[in-house]
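Notes follow once the structure below has been shown.
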Amino acid sequence: GSFNLAYGYRIPLLIHEAYSEEKDLQIAAFFYQPEQFGKTVEQAIADRSTVVNRIEHTEKWNPQVQHRNYLKFLELA
């Protein structure tokens, strides 16, 4: 649930580098190494708008696309 909320509200994520190969996370996250955590937080604050823009322009996270996919899931569309 929290990942979907982050995508829906265009909130960049701060995630351990072990997850850096996940495609959806590459769009919406800053990846940190424990020894560089502070530096990554500073970078995330400075570059937040870049990640927000990436999330907004990813078709998969477009509200209309999500709505259509949900209706398909329910077999209503």
Side-chain angles (χ1 to χ4, degrees):
S2 60
F3 287 153
N4 290 335
L5 285 172
Y7 296 137
Y9 286 104
R10 296 358 183 211
I11 300 170
L13 302 164
L14 186 60
I15 300 177
H16 190 274
E17 69 176 347
Y19 299 96
S20 65
E21 298 301 317
E22 297 292 329
K23 295 277 187 214
D24 288 340
L25 296 179
Q26 290 172 359
I27 293 166
F30 292 94
F31 299 99
Y32 70 88
Q33 300 172 343
E35 60 276 357
Q36 296 290 322
F37 185 77
K39 185 179 260 188
T40 305
V41 169
E42 290 174 5
Q43 176 193 356
I45 292 168
D47 296 340
R48 181 185 182 282
S49 62
T50 301
V51 175
V52 169
N53 192 39
R54 264 197 323 247
I55 297 169
E56 287 176 351
H57 290 92
T58 300
E59 183 180 6
K60 180 177 185 174
W61 302 117
N62 177 291
Q64 288 79 23
V65 172
Q66 290 291 310
H67 182 256
R68 185 176 62 240
N69 289 341
Y70 185 65
L71 291 177
K72 284 181 185 178
F73 172 76
L74 296 175
E75 298 179 354
L76 297 174

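Here the structure is a predicted model, which means the values were calculated and not measured.
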Ignoring hydrogens and angles, write down the donor-acceptor pairs under 3.5 Å from the side chains of residues 25-36, residues two or more places apart or on other chains.
unit_1: Gln26; atom_1: NE2; unit_2: Ser20; atom_2: O; d: 2.9
unit_1: Gln33; atom_1: NE2; unit_2: Glu17; atom_2: OE1; d: 3.0

Does some side-chain heavy atom of Tyr19 sit less than 4.5 Å from a side-chain heavy atom of Leu13?
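They are not in contact (no side-chain heavy atoms under 4.5 Å apart), so the answer is no.
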Any side-chain heavy atom of Phe37 sitting closer than 4.5 Å to one from Leu14?
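When only atoms from C-beta onward are counted, Leu14 and Phe37 do touch, with a gap below 4.5 Å.
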Please report the interatomic distance [atom1]([X]) to [atom2]([Y]), rounded to the nearest 0.5 Å.
X	Y	atom1	atom2	result
Leu71	Gln66	CG	CD	11.5 Å
Ile55	Asn62	CD1	CG	13.0 Å
Thr40	His16	OG1	NE2	10.5 Å

Going by the rule side-chain contact (heavy atoms from CB on, under 4.5 Å), which residues pair with Glu42 if we only count those two or more places apart in sequence or in a different chain?
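None.
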Using links of under 4.5 Å between side-chain heavy atoms of ILVMFWY residues, direct or through other members, which residues join Ile11 in one cluster?
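Members besides Ile11, by chain and number: Leu5, Tyr9.
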Residues clustering with Val65 (ILVMFWY side chains joined when closer than 4.5 Å, directly or via others):
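So far as hydrophobic clustering goes, Val65 is joined with none.
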Side-chain heavy atoms nearer than 4.5 Å, only ILVMFWY residues, links allowed to pass through others: does that put Val41 and Val51 together?
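Yes, Val41 connects to Val51 through the hydrophobic network.
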Checking the side chain of His67 only, and the main-chain atoms of Pro63 only, is there a donor and an acceptor separated by less than 3.5 Å?
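A pair under 3.5 Å: no.
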Can you pull out every salt bridge (Lys or Arg N to Asp or Glu O under 4.0 Å) where at least one residue sits in residues 47-58? Sequence neighbours excluded, please.
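Qualifying pairs, neighbours excluded: none.
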Residues which pass salt bridge (Lys or Arg N to Asp or Glu O under 4.0 Å) with Asp24, listed by chain and number, not counting sequence neighbours
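Residues passing salt bridge (Lys or Arg N to Asp or Glu O under 4.0 Å) with Asp24: Lys60.
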